[in-house]
Amino acid sequence: MLRFLVLLCIFSTVLPLWNLEKCVAAEDLITCSGIVPMRHRNDKISITDFGGVGDGKTSNTRAFREAIYRIQHLRRRGGTLLYVPPGVYLTETFNLTSHMTLYLARGAVIKASQDTQNWPLIAPLPSYGRGRELPGGRYMSFIHGYGLRDVVITGENGTIDGQGDVWWNMWRQRTLQFTRPSLIEFMNSREIIISNVIFRNSPFWNIHPVYCSNVVIRYVTILAPADSPNTDGIDPDSSSNVCIEDSYIATGDDLVAVKSGWDEYGIAYGRPSSGITIRRITGSSPFSGIAIGSETSGGVENVLAEHISLFNTGVGIHVKTNIGRGGLIRNITVSDVYIENARKGIKIAGDVGGHPDERYDPNALPVVKDVTITNVWGVKVLQAGLIKGLKNSPFTGICLSDINLRGDTQAKRSPPPWSCSDVSGAAHQVSPWPCSELSLSVPSNSCSSHF
């Protein structure tokens with residue numbers, strides 16, 4: 001019954017028949033959202049006060065920029081709410097400012113211009129050293145925030161539409177000059193809330209908080225076609241104290257991927273992702289459901305993912321890194337996961353992902369330790385698991401318990417249920433029974449508390 005209620009709450013972001021807050025509050029579900037309290041803004045303005053026209057054709061770039069300029073410079077006590085009424089508001093990119101709420105009414109759509117020629121460029125992230133797709137700079141996110149505090153994007157399940165198909169086609173045709181823009185990116189910001197909004201058709205990653213702290217992302221719906229390239233749902237990147245809850249994500253890449261920089265640039269920048277909670281997420285992806293990596297050079301630690309439901313997914317739970325990454329991945333806990341129709345249930349691998357350039361250090365080996373995966377149920381899972389550590393940096397403290405991953409009885413050919421190398425840890429009540437590297441291990445101190 002609880003799972004049914006949670007799914008109703010999540011899907012109501014697409015079919016808004018329920019009041020989400022009342023629905024979830026009725027069950028008194030555990031939440032991490034209290035790390036950033038929702039702000040009440042006494043000062044309210046509307047995009048129409050600045051000439052905004054929601055006809056889907058008129059450019060509203062000037063209206064958004066002037067409205068946000070007003071918020072930034074008048075600095076009303078308690079901040080200002082910018083209201084976007086029902087309608088379709090076409091606009092180019094714009095920057096947010098501190099102490100503001102961007103509020104989308106039911107039926108409001110903020111739609112990105114497809115004029116890629118005038119899209120602004122910004123510097124590459126220092127922890128990546130270059131654009132993620134191509135050398136050089138990168139296109140600025142559609143809605144951008146830098147060095148901000150106390151920003152809310154919320155509403156009544158209005159939509160932010162990136163109109164990403166023009167960007168996807170440029171990627172497919174190899175005509176991109178720089179890395180595609182994310183839909184929403186916050187850099188060096190804190191006290192951020194994103195809730196009760198539908199995100200569609202991002203050109204690249206959807207929601208990307210990078211070098212941020214105290215971020216809450218809750219009650220969102222993120223949608224993109226399954227063949228849309230690199231449309232990750234939510235990617236906390238070198239960020240701390242991030243709460244991701246009660247959302248539905250169906251995209252062309254990882255639903256949630258925790259990152260922290262790329263090879264030598266991420267090692268030099270040295271900012272980990274830590275204190276990440278991922279809870280009550282439902283979705284589908286041809287790639288990974290819940291992922292760590294593969295860009296983990298600053299380190300990833302203290303991640304909790306629980307109550308996850310995954311359908312039609314490439315890999316259910318995926319911890320991925322590579323030589324040259326360096327970085328410490330530790331204290332990762334994943335529990336209470338349902339997987340239906342997946343190529344792999346669990347994958348922990350040290351050979352995933354490319355490199356920014358030839359200057360990476362092949363001796364910079366990642367360390368993966370203390371990964372606990374428990375209470376996982378899967379049906380139509382082609383291969384239960386693959387754990388592939390590195391010869392000179394074996395993965396340690398890999399703890400699996402109470403896992404049942406059933407194969408697809410209709411599949412003509414199935415790989416071995418488990419494949420493991422260069423790994424140690426323990427397993428308890430795992431079906432199909434895992435590889436000998438785990439099944440014959442004596443539970444270590446890091447695993448014994450889970451058995």
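Start at 1 with the first residue, then count along the sequence. Both backbone and side-chain heavy atoms feed into the values below; hydrogens, waters and symmetry mates do not.
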With distance as the sole criterion, is a donor-acceptor pair present between the side chains of Ser59 and Glu92 under 3.5 Å?
no

Working to the nearest 0.5 Å, report the span between CG of Asn322 and CG of Leu390.
7.5 Å

Indicate whether any N or O donor in one side chain lies under 3.5 Å from an N or O acceptor in the other, for Arg149 and Ser98.
no

Between Arg70 and Asp43 (salt bridge meaning N to carboxylate O under 4.0 Å), is one present in this structure?
yes

Donor-acceptor check, side chain of Gln163 to backbone of Ala112, threshold 3.5 angstrom: yes or no?
yes

Can you tell me if CD on Glu133 sees more than 12 non-hydrogen neighbours from other groups inside 6.0 Å?
yes

Do the non-hydrogen side-chain atoms of Thr159 and Leu104 ever get within less than 4.5 Å of each other?
no

Do you know the tightest heavy-atom contact between Pro286 and Ala226?
CG-O, 3.3 Å

How about Ser33 and Met38: do any of their side-chain heavy atoms sit closer than 4.5 Å?
no

His355 and Asp357: side chain donor to acceptor below 3.5 Å:
no

Do Trp167 and Tyr139 have ring centroids that are under 6.0 Å from one another?
yes

If we only count heavy atoms from C-beta on, is the Ile194 to Ile192 side-chain gap below 4.5 Å?
yes

Would His144 and Asn95 count as having a side-chain donor-acceptor pair, cut-off 3.5 Å?
no

Short question: side chain of Ser288, backbone of Ala291 - any donor-acceptor pair under 3.5 Å?
no

For Ser46 and Asp49, does a side-chain donor sit closer than 3.5 Å to a side-chain acceptor?
no

Kindly say whether Gly298 contributes a backbone atom to a donor-acceptor pair with the side chain of Ser260 at under 3.5 angstrom?
yes

Give a yes-or-no answer on whether the side chains of Arg325 and Ser294 include a donor-acceptor pair shorter than 3.5 Å.
yes

Check: Thr175 side chain, Gln173 main-chain N or O, donor-acceptor pair, under 3.5 Å:
no

Hey, are Asp235 and Arg132 close enough for a salt bridge, meaning a charged N less than 4.0 Å from a carboxylate O?
no

Do Tyr338 and Asn375 have side-chain atoms, one donor and one acceptor, less than 3.5 Å apart?
no

Identify which one of Val315, Leu255, Asp232 satisfies the side-chain contact (heavy atoms from CB on, under 4.5 Å) criterion when paired with Ser285.
Leu255

Distance-only side-chain donor-acceptor flag, Arg138 / Ser182, under 3.5 Å:
no

Looking at Asp370 and Arg330, does any basic side-chain N land under 4.0 Å from a carboxylate oxygen?
no

Quick check: do Ile323 and Leu365 have side-chain heavy atoms less than 4.5 Å from each other?
yes

Could you check whether Tyr146 and Phe186 have their ring centres less than 6.0 Å apart?
no

Any side-chain heavy atom of Pro229 within less than 4.5 Å of one from Arg172?
yes

So do the side chains of Tyr265 and Pro356 get within less than 4.5 Å of each other, counting heavy atoms only?
yes

Thr231 side chain to Gly252 main-chain N or O, any donor-acceptor pair under 3.5 Å?
yes

State whether a side-chain donor-acceptor pair under 3.5 Å links Arg180 with Asn230.
yes

Could you tell me the separation between the OG atom of Ser228 and the CG atom of Asp165, rounded to the nearest 0.5 Å?
10.5 Å

Quick test of your reading of the model: are Asp161 and Arg200 salt-bridged, counting only N-O distances below 4.0 Å?
no

Side-chain touch Ile160/Ile143, heavy atoms, less than 4.5 angstrom
yes

Quick one: does any side-chain atom of Trp119 pair with a main-chain N or O of Met140 as donor and acceptor, under 3.5 Å?
yes

Looking at Asp263, Thr179, Asp237, which one forms a side-chain hydrogen bond (donor to acceptor under 3.5 Å, both in side chains) with Tyr128?
Asp237

Is Glu340 salt-bridged to Lys380, going by a charged N under 4.0 Å from an acidic O?
no

Short question: side chain of Ser273, backbone of Ser238 - any donor-acceptor pair under 3.5 Å?
yes

Is the closest basic N to carboxylate O distance between Arg280 and Asp336 below 4.0 Å?
no

Could you walk me through whether Val220 and Ile198 satisfy the side-chain contact (heavy atoms from CB on, under 4.5 Å) test, starting with their C-alpha distance in whole Å, then the side-chain angles of each, then the deciding distance to 0.1 Å, before giving a yes or no?
CA-CA 6 Å; Val220 300; Ile198 299 170; over 6 Å; no

Determine whether a donor-acceptor pair (N or O, by modelled atom type, separation under 3.5 Å) exists between the side chain of Tyr69 and the backbone of Phe64.
no

Where do Asn214 and Ile35 come nearest, in terms of heavy atoms and distance?
CA-CD1, 4.2 Å

Expected output: side-chain Arg65 to main-chain Thr93 donor-acceptor under 3.5 Å
yes

Within the 3.5 Å criterion, strictly below it, is a donor on Ser284 or Thr313 matched to an acceptor on the partner's side chain?
no

Could you tell me if Arg41 and Tyr83 have a donor-acceptor pair between their side chains, going purely by distance under 3.5 Å?
no

